[in-house]
Amino acid sequence: MDEINVSIEGGESQRLPKGISAGEALERLRKKKGIPAVAAKINGELFDLSKPLEQDCTIEPLNQNNEKALEILRHTASHVMAQAVQSLYPEAKITIGPAIENGFYYDFDYPETFSVEDIPKIEAKMQEIIQQASPVLRRELDRQEAIQVFTERDETYKVEMLEEMEEPVVSVYGQDDWLDLCRGPHLVNTSEVKAFKLTGVAGAYWRGDERNPMLQRIYGTAFFSKKDLKRHLQLLEEAKKRDHRKLGKQLDLFHVSDEAGPGLVIYHPKGALLRHIIETFEKEAHLRRGYQMVSGPQLLKTEMWKQSGHFENYRENMYFTEVEGQSYGIKPMNCLAHMLIYKSAIRSYRDLPIRYFEMGLVHRHEKSGVLHGLTRVRQFTQDDAHLICTPEQLNDEIKGVIDFALDMLELFGFEYEIELSTQPEKRIGTDEDWERATVALEKALIDKQIPYTICAGEGAFYGPKIDILLKDALNRRWQCSTIQCDFTLPERFDLTYIGPDGGKHRPVMLHRTLLGSMERFLGVLIEHYAGAFPTWLAPVQAIILTVTDRHQSYGEELYKKLLNNGIRVEKDLRNEKLGYKIREAQLQKIPYMLVVGDREVEAAGVSPRRRDGKDLKLMEVADFVELVREENAVADSIFAIA
RNA sequence: GCUGGCGUAGCUCAAUGGUAGAGCAGCUGAUUUGUAAUCAGCAGGUUGCGGGUUCGAUUCCCAUCGCCAGCUCCA
């Protein structure tokens with residue numbers, strides 16, 4: 001028999017029979033059995049374990065603990081699910097079914113609708129398929145041959161995909177009599193799918209386009225062990241407890257009323273206070289970084305929105321009203337007034353850069369199905385700014401904004417992802433301007449060595465943008481900071497500055513937000529802290545808890561003293577047991593509970609109990625005030641400019 | 001906007017083709033309490049809104065509004 005030379009990555013090589021499977025070769029070459037392999041990298045390229053080795057090569061196992069391995073497992077699980085669905089509902093047609101973050105899905109075209117009641121049936125069928133331990137086989141077919149195969153199976157979506165493909169040869173994967181067009185790789189046997197669960201059904205447009213027919217998507221997740229699956233499901237449970245809509249109610253921060261209207265947030269005292277704290281701090285930070293505060297009107301004549309291009313490109317998201325025969329648009333963005341302020345005087349190059357900052361309230365008509373708690377609403381306040389500068393200053397200005405944004409997110413302890421979005425189909429401005437703007441943004445990211453992904457065609461209609469995304473408790477990403485480069489509006493509104501040469505020049509404009517919308521940020525922030533805000537942010541920093549009625553007057557005295565020292569304090573002087581009051585304060589996630597009884601009255605002090613349960617012992621009132629002041633100071637770091 | 005699910009007291013949730021119940025919260029009283037729920041009593045709902053089927057609907061059907069998950073879109 002012919003032999004080939006196979007070496008394991010970072011190990012020795014062996015003569016093995018030609019045609020041996022990658023999995024078998026790994027078995028022989030690996031000294032320690034250790035973690036099972038899921039797939040193999042052959043000369044650096046990923047293949048199924050069943051791949052026969054035909055010539056000398058280097059091989060490397062892809063172990064179960066690898067992130068990529070989970071993807072392969074989930075992809076195979078999605079195939080098993082599709083097989084189960086087609087076996088139960090033969091009319092269902094397969095479309096696509098990839099692994100996604102935390103799981104997988106498969107989209108079907110099926111005339112009836114899958115309901116949650118179908119899930120257990122499908123799961124049972126999947127279990128059956130897994131128990132049959134069928135080998136997952138790969139075959140390569142000539143594309144025309146594949147079209148014929150899928151035509152015979154009446155898999156019209158697969159045929160459509162094949163017809164659009166260019167490759168002459170395609171691969172198909174299948175087990176038993178089930179078959180799918182697929183690149184792979186896959187697990188070698190259905191029995192390898194050891195722990196899975198179907199998590200939901202939902203509609204999804206074919207190829208993600210709302211003009212296409214809606215398919216039915218079934219979501220699931222899979223792990224290599226039941227233990228991992230269980231842990232994942234527990235994490236989901238935990239995440240639900242952090243949901244800002246739930247915490248918003250529990251902590252009495254805000255509500256959304258169907259009487260008032262969907263997507264319109266109503267802030268209760270503590271929610272409004274929380275916003276006040278963040279906004280005041282942000283205003284101060286902007287002033288210290290050379291921004292000027294401005295404020296524009298809520299409605300501007302529709303003529304202006306036509307001039308800016310919003311009417312043309314953003315009309316369906318805007319609210320309009322008519323006053324004395326004159327049409328007005330309620331602002332969905334703050335930029336227009338800022339440009340008018342710029343234009344209210346002749347500007348010199350010596351004045352630039354100019355940075356206008358506004359806590360601007362905007363309205364956007366969002367489609368009803370997208371509204372979501374605080375994170376997707378129809379009226380929101382942006383920490384918005386427009387920076388107007390010379391083209392030469394652009395790079396530094398972008399970098400300055402990135403620094404500011406990242407300093408801010410660091411203060412709150414967020415992890416984030418950065419995206420660079422390029423020109424969309426619907427846009428204004430010339431290709432050259434778009435190119436210049438895109439390069440400017442990208443160069444700033446490269447200069448700062450910040451990793452980012454490019455989202456082609458995702459830019460705003462007036463310019464490309466850098467977005468910073470934060471994750472909510474359920475790992476959904478929300479765009480908060482955004483930096484948008486704009487050469488178009490200065491053109492449309494004829495913004496100019498006088499250069500050193502005495503001539504008129506065209507400035508460049510940056511639109512940017514740091515936290516984005518205050519409501520969205522608040523939503524993400526609530527989930528980030530699970531409602532337990534750090535002292536500097538907590539709407540209520542401390543609560544006075546009296547032990548009995550006879551401590552009430554001291555409680556009142558202490559309350560006034562702390563209020564006078566700028567501490568956000570509440571009092572619970574009710575005739576209730578201490579344990580009851582502590583429980584309530586704990587559920588309200590108040591950082592400090594100040595227990596006041598005979599000892600405290602006698603010493604004229606306080607005994608703070610921290611939210612984490614730690615008892616700080618009796619201390620002077622002044623010392624407690626100092627303690628809170630120190631915690632308040634963490635936000636000062638943001639004021640220092642590097 | 002689309003697909004599917006859901007809508008019962010302030011909150012969390014029961015129940016049934018024969019005109020709705022619990023816990024918590026609220027109110028009243030008792031209790032005077034030291035680190036996560038003191039006890040008792042009272043009160044609280046045109047079962048989202050509007051139609052229809054039925055002797056009778058909260059339950060079944062239709063429409064509508066809202067919410068939830070996902071898709072599309074976006075801060």
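So that the names make sense, note that chain A is the first sequence line, chain B the second, and so on, each numbered from 1.
Using atom P as the reference point in both B:U46 and B:A9, the two lie 10 Å apart (nearest Å). Comparing the C1' positions of B:U58 and B:G50 gives a spacing of 15 Å, expressed to the nearest Å. On the C1' atoms, B:U47 is 13 Å away from B:A14, given to the nearest whole Å. Taking the P atom of each, B:A43 and B:U53 are spaced 38 Å apart, rounded to whole Å. B:A22 and B:A15 have their P atoms separated by 15 Å, with the value rounded to a whole Å. Between B:U8 and B:C13, the two P atoms lie 10 Å apart (nearest whole Å). If you take atom P in B:G18 and the same atom in B:G70, they sit 37 Å apart, rounded to whole Å. Taking the C1' atoms as reference points, B:C11 lies 12 Å from B:G26, given to the whole Å.
If you check distances only, the side chain of A:E600 does reach the base of B:G34 with a donor-acceptor pair under 3.5 Å.
In this structure, of B:U38, B:U3, B:A36, it is B:U3 that holds the atom nearest to the side chain of A:T113. Of the candidates B:G26, B:A25, B:G66, B:A25 carries the atom nearest the A:Y580 side chain, counting heavy atoms from C-beta on.
For the pair A:E316 and A:H365, the tightest heavy-atom approach, listed with the atom from each and the gap, is O-ND1, 3.4 Å. For the residue pair A:T422 and A:P464, the shortest heavy atom distance occurs at CA-CB, 4.5 Å.
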Going 5' to 3' through nucleotides 68-75 of chain B and flagging B where a protein heavy-atom sits under 4.0 Å of the base, S where only the sugar-phosphate is that close, and - otherwise, we get SSBBBBBB
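Between the OH atom of A:Y105 and the C1' atom of B:G4 there is a distance of 17 Å, rounded to whole Å. For the pair A:H244 NE2 and B:C67 C1', the interatomic distance rounds to 13 Å; values are reported in whole Å. In this structure, A:R611 places its CZ atom 15 Å from C1' of B:A36, rounding to the nearest Å. Counting to the nearest Å, the P atom of B:G34 and the NZ atom of A:K617 are 16 Å from each other. A straight line from CD of A:Q588 to C1' of B:A36 spans 13 Å, rounded to a whole angstrom. In this structure, A:E117 atom CD and B:G4 atom C1' are separated by 11 Å, rounded to whole Å. Atom CD1 of A:I543 and atom C1' of B:U35 are 14 Å apart (whole Å). Residue A:K246 contributes atom NZ, which lies 14 Å from atom P of B:C11 at whole-angstrom precision.
If you find the closest nucleotide of RNA chain B to A:D258 and to A:Q216, the one lying nearer the 5' end belongs to A:Q216. In terms of position along RNA chain B, the nucleotide closest to A:G613 lies nearer the 5' end than the nucleotide closest to the other residue of the pair A:V256 and A:G613.
OP1 or OP2 of B:A36 lies within a sub-4.0 Å distance of a side-chain N or O belonging to A:R609. OP1 or OP2 of B:U35 has not a single side-chain nitrogen or oxygen of A:K577 nearer than 4.0 Å.
For A:E602, the CD atom sits in a loose shell: 12 or fewer heavy atoms of surrounding residues, nucleotides or ligands are nearer than 6.0 Å. For NZ of A:K471, the number of neighbouring non-hydrogen atoms (other residues, nucleotides, ligands) closer than 6.0 Å is greater than 12. Atom CD of A:Q298 is surrounded by more than 12 heavy atoms from other residues, nucleotides or ligands within 6.0 Å.
Among the atoms of the strands shown, only primed sugar atoms or phosphate atoms (P, OP1, OP2) are found under 4.0 Å from some heavy atom of A:K249. Nucleic acid contact for A:G597: base, since at least one base atom lies under 4.0 Å from a heavy atom of the residue.
Consecutive Watson-Crick or G-U pairing (both distances under 3.5 Å) extending over three or more pairs maps onto RNA chain B as B:1-7 with B:65-71, B:10-13 with B:21-24, B:26-30 with B:38-42, B:50-52 with B:60-62.
For the atom pair A:D383 CG and A:C480 SG, the distance stands at 9.5 Å (nearest 0.5 Å). The distance from the CZ atom of A:R245 to the CG atom of A:L247 is 11.0 Å, given to the nearest 0.5 Å.
The aromatic rings of A:Y462 and A:H310 sit tilted, their planes meeting at an angle between 30° and 60°.
Separation of the A:F108 and A:Y89 ring centroids does not fall under the 6.0 Å cut-off.
For the pair A:R315 and A:F311, the cation-pi criterion (under 6.0 Å, within 45° of the ring axis) is fulfilled.
No option in A:H511, A:Q484, A:R355, A:R512 other than A:H511 meets the side chain to side chain donor-acceptor pair (under 3.5 Å) test with A:H386.
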